[in-house]
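In listed order, ligands and their atoms are each counted from 1.
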Amino acid sequence: MVRTALPTLPVLTEDAALNPARIAALQEEVRALARRREAVILAHNYQVPEIQDVADFVGDSLGLAIEAARTPSPVIVMCGVFFMAETAKILNPERTVLIPDETAGCSLADSITVEQLRDWKAAHPGAVVVSYVNTTAAIKAESDYCVTSGNAEAVIRAIPADRQILFLPDVFLGTWLKQSLGRDNMEVWMGECHVHAGIRTREVLARQAAHPGAELLIHPECGCTSQLVWARNTGRLPSATTHVLSTEGMVKRAIASPADTVLIATETGLLHRLRKEAPGKTLLAADETAVCRYMKQITLPKLRDTLRDLAPAVEVDPAIADRARLAIDRMLAIRG
Ligand code: 13P
Ligand code: SF4
C-alpha cells in the first residue's frame with residue numbers, strides 16, 4: 001500500500017445534525033482537506049446530494065471506473081459502495097484508495113460467492129464468464145469480462161455468437177440482455193439488487209398513466225424491466241419514450257428528451273443530479289421507496305474524517321487484483 005506522507009491532522013467530532021449551514025461548513029472542510037491531500041473525490045449518482053455537490057466527479061459505475069483509471073491524483077476517495085472502491089484500487093494498486101464507510105456493501109454483489117461461481121464454471125466448461133461490475137474483486141478475478149449497465153450490450157455483442165456465456169449476478173439485467181440480444185446460449189445467475197428488484201411493474205405503469213407523455217427511463221437491474229419492455233414492444237407503452245438505460249444514460253436522455261416530465265425507475269438519488277442537469281423538466285421517481293441504504297451510508301462527516309485520517313484505505317490481494325484487472329480492462333476497452 002502506498003500512502004502520501006502527510007502530517008496527522010486534528011481529530012474532530014461530528015455530533016450536530018446536518019442543517020444547511022453545517023453542510024456548507026463541512027463541504028468547505030472537505031474541499032480544503034482534499035486540496036491538502038491532493039485527493040480526487042468520486043461519487044456515484046445515488047449518493048446523497050451534499051456528497052454529490054462536493055465531489056469532483058459524479059457518475060455511473062462505468063464513469064467512476066473510467067475516472068479512477070485516468071486521474072493523476074495520488075489519493076482517490078470513492079463515495080459509493082465497496083465494490084466501486086475495490087475496482088478503483090485494482091486499477092490503481094500504487095495509490096491510496098479510500099472509502100468513507102467500508103461497510104457500505106451491495107446486496108447484488110453479495111448474491112454470489114466464489115465457490116458458487118467455481119461450481120457454475122465447472123458445470124459449463126469453455127463458457128465465457130461475464131460479470132456485472134457489482135461483484136467482489138474475487139468474483140472479477142474468476143471472470144473473463146466485467147460489464148456495467150452502460151456497456152453490457154456492447155460487451156455481449158463482442159463475444160462470438162457460438163460461445164456460451166455465463167452472466168452474473170443480476171437476473172434482471174441478464175434476462176433483459178438475453179432477450180434483447182436474442183442470445184439463447186447465455187445462462188443467467190439468479191441474483192438481484194433488493195432496491196431495483198422492488199420496483200414493481202404495476203406501480204410504474206400507474207405512475208406512467210398519471211403522467212401521459214412522460215419519458216419513462218428504466219434501469220436494467222429493475223425487477224420490472226422485462227415486463228415493461230414487453231409492454232413497450234406490444235404498444236402498451238409508447239416506444240419513443242420508454243428506454244432501458246444505465247444511470248448515466250438516463251441523465252443524457254433526460255437532457256435530450258423533448259418531454260417535459262421524466263420518470264425514472266431506479267434509485268432515487270439520481271434525481272438530485274437530474275434536477276441540476278435538466279433544470280427545466282419535472283423529474284420524478286417511478287417508485288419513491290427505491291432507496292439504497294448502502295449508498296446513503298456515506299455522509300459528509302465520514303468523508304471529512306476519511307480525508308483527515310487517510311482511512312479506511314481499501315486493499316485488494318495483489319494476486320486477485322492482477323486477475324480481476326484483466327476483466328476490468330476489457331470492460332474499459334468496450335464502452336458501448
Ligand atoms: P449504474 O450506475 O452503472 O447504472 O448502476 C447502478 C447501480 O446499482 C450501482 O450500484
Ligand atoms: Fe447494490 Fe442495488 Fe445499492 Fe446498487 S442500488 S449499490 S446494486 S444494493
Side-chain angles (χ1 to χ4, degrees), residues 42-48 51-52 55 57-68 78-88 99-112 130-136 139-140 145-155 168-174 176-177 189-199 217-225 243-254 264-274 277 285-298 328 331-332 334-336:
L42 309 181
H44 189 267
N45 288 321
Y46 300 159
Q47 289 292 291
V48 293
I51 293 284
Q52 292 192 31
F57 174 86
V58 182
D60 67 353
S61 308
L62 183 60
L64 294 175
I66 292 168
E67 282 302 308
M78 183 60 75
C79 295
V81 292
F82 193 74
F83 76 81
M84 296 176 175
E86 259 187 348
T87 303
I99 182 166
D101 187 333
E102 61 194 333
T103 70
C106 169
S107 56
L108 182 53
D110 285 345
S111 58
I112 186 165
V130 179
S131 292
Y132 193 38
V133 71
N134 298 44
T135 43
T136 62
I139 292 285
K140 289 183 178 81
Y145 289 87
C146 192
V147 299
T148 72
S149 50
N151 71 352
E153 274 186 272
V155 172
L168 66 115
D170 191 85
V171 63
F172 301 114
L173 172 61
W176 170 70
L177 287 167
W189 190 258
M190 294 294 286
E192 63 177 34
C193 151
H194 71 291
V195 179
H196 287 90
I199 301 178
L217 309 181
I218 308 152
H219 197 279
E221 283 176 29
C222 289
C224 56
T225 303
H243 302 278
V244 179
L245 295 165
S246 71
T247 54
E248 196 63 34
M250 289 183 180
V251 175
K252 290 197 179 103
R253 180 67 202 159
I264 56 149
T266 192
E267 211 273 354
T268 58
L270 182 66
L271 286 170
H272 180 67
R273 185 166 162 216
L274 282 172
E277 297 195 25
D287 178 351
E288 276 106 8
T289 67
V291 176
C292 176
R293 65 186 168 86
Y294 300 114
M295 286 282 181
K296 312 308 180 201
Q297 281 180 245
I298 308 300
I328 295 171
M331 168 182 91
L332 295 175
I334 304 174
R335 298 207 180 157

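- Checking H196 against atom 2 (Fe) of ligand 2, every N/O/S atom stays at or beyond the 2.8 Å cut-off.
- The N/O atoms of N45, backbone and side chain alike, include none that comes under 3.5 Å of an N/O atom in ligand 1.
- C193 has its side chain out of reach of C106: every pair of non-hydrogen atoms, C-beta onward, lies at least 4.5 Å apart.
- The nearest protein atom to atom 5 (O) of ligand 1, hydrogens excluded, is given as H219 NE2, 3.5 Å; this is a heavy-atom distance.
- Within the 4.0 Å heavy-atom shell around ligand 1 one finds Y132.
- A side-chain contact (heavy atoms from CB on, under 4.5 Å) with V81 is found for one member of Q297, E86, M295 and no other, namely M295.
- A donor-acceptor pair is defined here as one N or O able to donate and one able to accept, closer than 3.5 Å; no such pair exists between the side chain of E153 and the backbone of L177.
- Considering E248, H44, R273, E277 in turn, R273 is the only one that fulfils the side-chain contact (heavy atoms from CB on, under 4.5 Å) rule with V58.
- The closest side-chain heavy-atom distance from E67 to L64 is not below 4.5 Å.
- Summary of contacts: the protein heavy atom closest to atom 2 (O) of ligand 1 is H44 NE2, 2.7 Å.
- For ligand 1, the atoms closer than 4.0 angstrom to any heavy atom of S246 are 4 (O).
- Closest protein heavy atom to atom 1 (Fe) of ligand 2: C106 SG, 2.4 Å.
- Across M331 and V147, no two heavy atoms sit closer than the pair SD-C, 4.0 Å.
- By the criterion of a heavy-atom distance under 4.0 Å, neither the backbone nor the side chain of E248 is placed next to ligand 1.
- Shown in contact with D60 at under 4.0 Å from a heavy atom are these atoms of ligand 1, numbered in order with element: 1 (P), 2 (O), 3 (O).
- For atom 10 (O) of ligand 1, the closest heavy atom belonging to the protein is N134 ND2, 3.2 Å.
- Between V244 and T225 there is a side-chain heavy-atom pair separated by less than 4.5 Å.
- For atom 7 (S) of ligand 2, the choice among T247, L173, T266, N134 with the nearest heavy atom turns out to be N134.
- Contact annotation: the side chain of L42 never approaches that of M84 to less than 4.5 Å [non-hydrogen atoms, C-beta and beyond].
- M78 places none of its side-chain heavy atoms less than 4.5 Å from the side chain of T87.
- When hydrogens are left out, the protein atom nearest atom 6 (C) of ligand 1 is Y46 OH, 3.2 Å; that is the closest non-hydrogen contact.
- Ring planes of H196 and H219: tilted class, angle from 30 to 60°.
- Across all non-hydrogen atoms, the minimal contact from A265 to I199 is C-CD1, 3.9 Å.
- The closest side-chain donor-acceptor pair between Y46 and T266 falls under 3.5 angstrom.
- Counting atoms of ligand 2 from 1 in the listed order, those under 4.0 Å from a heavy atom of S107 are 8 (S).
- Atom numbering of ligand 2 starts at 1 in the shown order; those under 4.0 Å from a heavy atom of E221 are 7 (S).
- Interface atoms of ligand 2 facing C193, defined by a heavy-atom separation under 4.0 Å, are 2 (Fe), 5 (S), 7 (S), 8 (S).
- The shell of residues lying under 4.0 angstrom from ligand 1, judged by heavy atoms, includes S149.
- Metal site remark for atom 3 (Fe) of ligand 2: C292 contributes an N, O or S atom at a distance under 2.8 Å.
- Regarding atom 3 (O) of ligand 1, its nearest protein heavy-atom neighbour is S61 OG, 3.0 Å.
- In this structure, M84 is part of the shell of residues with a heavy atom less than 4.0 angstrom from ligand 1.
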